[in-house]
Amino acid sequence: MPVQAPSSSQKTTMSAAQFSRLQQIIFERSGIYFQDSKKDILESRLGHRLGELDMGSYDEYIMFITIGPYRDDEFQEMFNRITTNETSFFRNEPQLNYFEQEVLPVLLEAKSATKRLRIWSCACSSGEEPYTLAIQLHRSLGVRLADWHIEILGTDISEKMLKVGQTARYSSHALRSTADIVKSRYFNEVNGFFDLDPEIQSMVYFEKLNLKDRLSALRFGTFDVVFCRDVLIYFNDEMKQHCADLFERTLADDGYLFLGHSETLRGLKSPFEAISVPHTFCWRKMTATSTKNNGRA
Ligand SMILES: C[S@@+](CC[C@H](N)C(=O)[O-])C[C@H]1O[C@@H](n2cnc3c(N)ncnc32)[C@H](O)[C@@H]1O
């Protein structure tokens with residue numbers, strides 16, 4: 001009787017050894033560490049893919065992703081399935097209010113001679129985070145925006161997510177935390193979707209970047225602010241330290257780093273000090289001057 005490849009509805013079992021190999025491959029390629037307790041999650045996210053590829057075992061898939069001719073493309077495909085891309089406009093309002101009301105005025109004053117400001121949203125998913133920052137800058141600067149050279153870079157490891165960002169068309173779900181007044185000022189509703197104002201789009205550019213790849217990250221130069229929210233939680237301590245070192249290199253002196261609400265740099269070696277204002281999750285790269293001012297914005 002001929003052996004049949006499993007259909008996408010049939011479940012292929014992942015052995016402990018196969019899980020451990022995939023865990024290692026994913027960590028080496030992305031820095032994401034799937035803990036042992038997450039085996040079932042990985043199995044359920046990849047099971048469907050095996051069905052699509054008519055593969056009968058994870059060994060076959062492991063060969064495909066490590067030595068197959070399409071391994072880089074398949075890694076992207078796998079990555080799209082195993083990562084969490086959850087985001088929205090104006091996500092974590094208290095933190096963004098602090099950025100807009102306390103940090104931005106300090107930075108705009110400090111940069112008033114050059115009128116250049118660079119911001120990096122380093123795991124930006126489908127773009128809502130960098131576009132939110134662009135809206136905040138747009139309304140803070142008003143007509144003065146024309147005199148400024150503002151660059152907001154959004155990077156992510158997922159090409160699929162970056163494409164959504166480049167399209168700048170969002171569902172109402174992406175705007176669930178956005179005030180109606182902002183929605184009507186900065187979005188155009190078309191057939192139930194929301195198209196972002198082209199002026200805001202022009203303030204942001206997107207590039208694919210794996211945070212593991214230090215040299216590629218350094219190509220982008222130095223930033224005044226880095227947003228790195230809700231990605232460190234997927235990394236182990238070694239990769240978190242790698243990111244802290246990267247931000248030390250890429251942030252200007254006295255620059256600001258914003259993390260997600262359940263993320264911290266505590267326990268890592270870094271020149272960053274937490275700003276002691278609740279709900280801001282804001283860290284500052286300390287220099288002699290900022291130490292004197294106690295790190296406050
Ligand atoms: C939960 S989303 C966070 C989105 C946004 N920063 C926010 O807080 O709303 C996490 C993002 O991290 C990205 N990511 C995971 N590992 C990465 C890596 N090694 N390099 C760059 N991006 C990565 C994922 O593709 C995903 O889009």
Side-chain angles (χ1 to χ4, degrees), residues 22-35 38 41-42 45 72 75-96 98-99 119-136 152-167 170-171 173-178 204 206-220 223 225-247 250 256-264 279-283:
L22 282 166
Q23 203 180 25
Q24 184 194 5
I25 295 166
I26 294 166
F27 178 70
E28 277 166 9
R29 296 289 297 261
S30 67
I32 293 196
Y33 184 69
F34 264 84
Q35 287 157 356
K38 302 239 169 99
I41 296 181
L42 191 64
R45 291 190 183 173
D72 287 337
F75 179 74
Q76 265 299 321
E77 190 57 50
M78 175 176 81
F79 207 76
N80 289 335
R81 290 161 194 251
I82 65 172
T83 50
T84 306
N85 305 111
E86 178 61 25
T87 187
S88 61
F89 282 89
F90 293 90
R91 189 182 193 197
N92 192 352
E93 214 186 352
Q95 180 185 43
L96 290 167
Y98 181 76
F99 168 69
I119 301 178
W120 180 24
S121 163
C122 75
C124 72
S125 188
S126 34
E128 288 87 330
E129 183 177 275
Y131 283 142
T132 297
L133 305 175
I135 291 173
Q136 290 186 305
I152 303 175
L153 168 65
T155 62
D156 200 280
I157 197 170
S158 168
E159 279 170 5
K160 189 176 162 197
M161 289 300 120
L162 291 171
K163 276 196 190 122
V164 177
Q166 275 153 349
T167 313
Y170 293 96
S171 68
H173 187 67
L175 290 156
R176 62 194 177 277
S177 317
T178 306
V204 177
F206 294 98
E207 296 277 352
K208 184 173 121 184
L209 178 80
N210 181 347
L211 284 167
K212 260 215 124 170
D213 186 351
R214 182 173 181 276
L215 287 182
S216 294
L218 294 181
R219 280 186 311 128
F220 297 119
F223 296 89
V225 183
V226 172
F227 271 74
C228 178
R229 301 191 303 170
D230 268 9
V231 65
L232 293 184
I233 38 168
Y234 302 109
F235 297 159
N236 70 1
D237 288 347
E238 179 191 336
M239 180 67 182
K240 283 181 191 158
Q241 183 64 58
H242 162 89
C243 290
D245 295 344
L246 183 62
F247 301 144
T250 49
Y256 295 86
L257 172 65
F258 287 89
L259 300 182
H261 66 95
S262 50
E263 296 168 325
T264 181
H279 311 298
T280 58
F281 314 104
C282 178
W283 299 70

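Note that the numbering runs from 1 along the sequence shown for the chain. When reading the values below, keep in mind they use all heavy atoms of this one structure, side chains included, and skip hydrogens, waters and symmetry mates. Predicted, not measured: the structure shown is a model, and the values here were computed from it. Both ligands and their constituent atoms are indexed starting at 1 by order of listing.
Atom 9 (O) of ligand 1 has as its closest protein heavy atom Thr87 OG1, 2.6 Å. Of the protein's heavy atoms, Ile157 CG2, 3.7 Å lies nearest to atom 17 (C) of ligand 1. Protein heavy atom at the shortest distance from atom 27 (O) of ligand 1 is Asp156 OD2, 2.7 Å. Nearest protein heavy-atom neighbour of atom 19 (N) of ligand 1: Ser30 O, 2.7 Å. Looking only at protein heavy atoms, the nearest one to atom 3 (C) of ligand 1 is Arg229 O, 3.5 Å. Among protein heavy atoms, atom 20 (N) of ligand 1 sits closest to Leu211 N, 2.9 Å. In terms of protein heavy atoms, atom 16 (N) of ligand 1 is closest to Ile32 CD1, 3.6 Å. The nearest heavy-atom contact from the protein to atom 7 (C) of ligand 1 is Arg91 NH1, 3.1 Å.
Between Tyr170 and Phe89, the ring planes are perpendicular. Angles over 60° get that label, and only those under 30° would be called parallel. The aromatic rings of Phe75 and Phe79 sit tilted, their planes meeting at an angle between 30° and 60°.
Residue Ser88 has no N or O atom closer than 3.5 Å to an N or O atom of ligand 1. The shortest N or O to N or O distance between Ser158 and ligand 1 is not under 3.5 Å. In terms of polar-atom proximity, Asn210 is counted as a contact of ligand 1, with an N or O under 3.5 Å from an N or O of the ligand. At a 3.5 angstrom cut-off on N or O pairs, Ala123 counts as close to ligand 1.
Annotation for ligand 1: atoms under 4.0 Å from non-hydrogen atoms of Thr84 are 1 (C), 2 (S), 10 (C), 26 (C). Counting the atoms of ligand 1 from 1 in the order shown, those under 4.0 Å from a heavy atom of Leu209 are 20 (N), 21 (C). Taking every non-hydrogen atom of Ser125 and a distance limit under 4.0 Å, the qualifying atoms of ligand 1 come out as 4 (C), 27 (O).
Side-chain atoms of Gln241 and Asp245 form a donor-acceptor pair, as typed in the model, at a separation below 3.5 Å.
Side-chain atoms of Lys160 never come within 3.5 Å of backbone atoms of Glu77 as a donor-acceptor pair (strictly under, hydrogens ignored). A donor-acceptor pair under 3.5 Å is formed between the side chain of Ser125 and the backbone N or O of Asn85.
Using a 4.0 Å cut-off between charged side-chain N and carboxylate O, Asp156 and Lys163 make no salt bridge. Taking a cutoff of 4.0 Å between a charged side-chain nitrogen and a carboxylate oxygen, Arg229 and Glu129 qualify as a salt bridge.
Here the shortest heavy-atom pairing between Leu257 and Cys228 reads CD1-CB, 4.3 Å.
Residue-ligand proximity: Phe79 is placed with a non-hydrogen atom under 4.0 Å from ligand 1.
Open room surrounds CD on Glu93; 12 or fewer heavy atoms of other groups in view lie less than 6.0 Å from it.
By the 6.0 Å and 45° rule, Lys212 stacks over the aromatic ring of Phe27.
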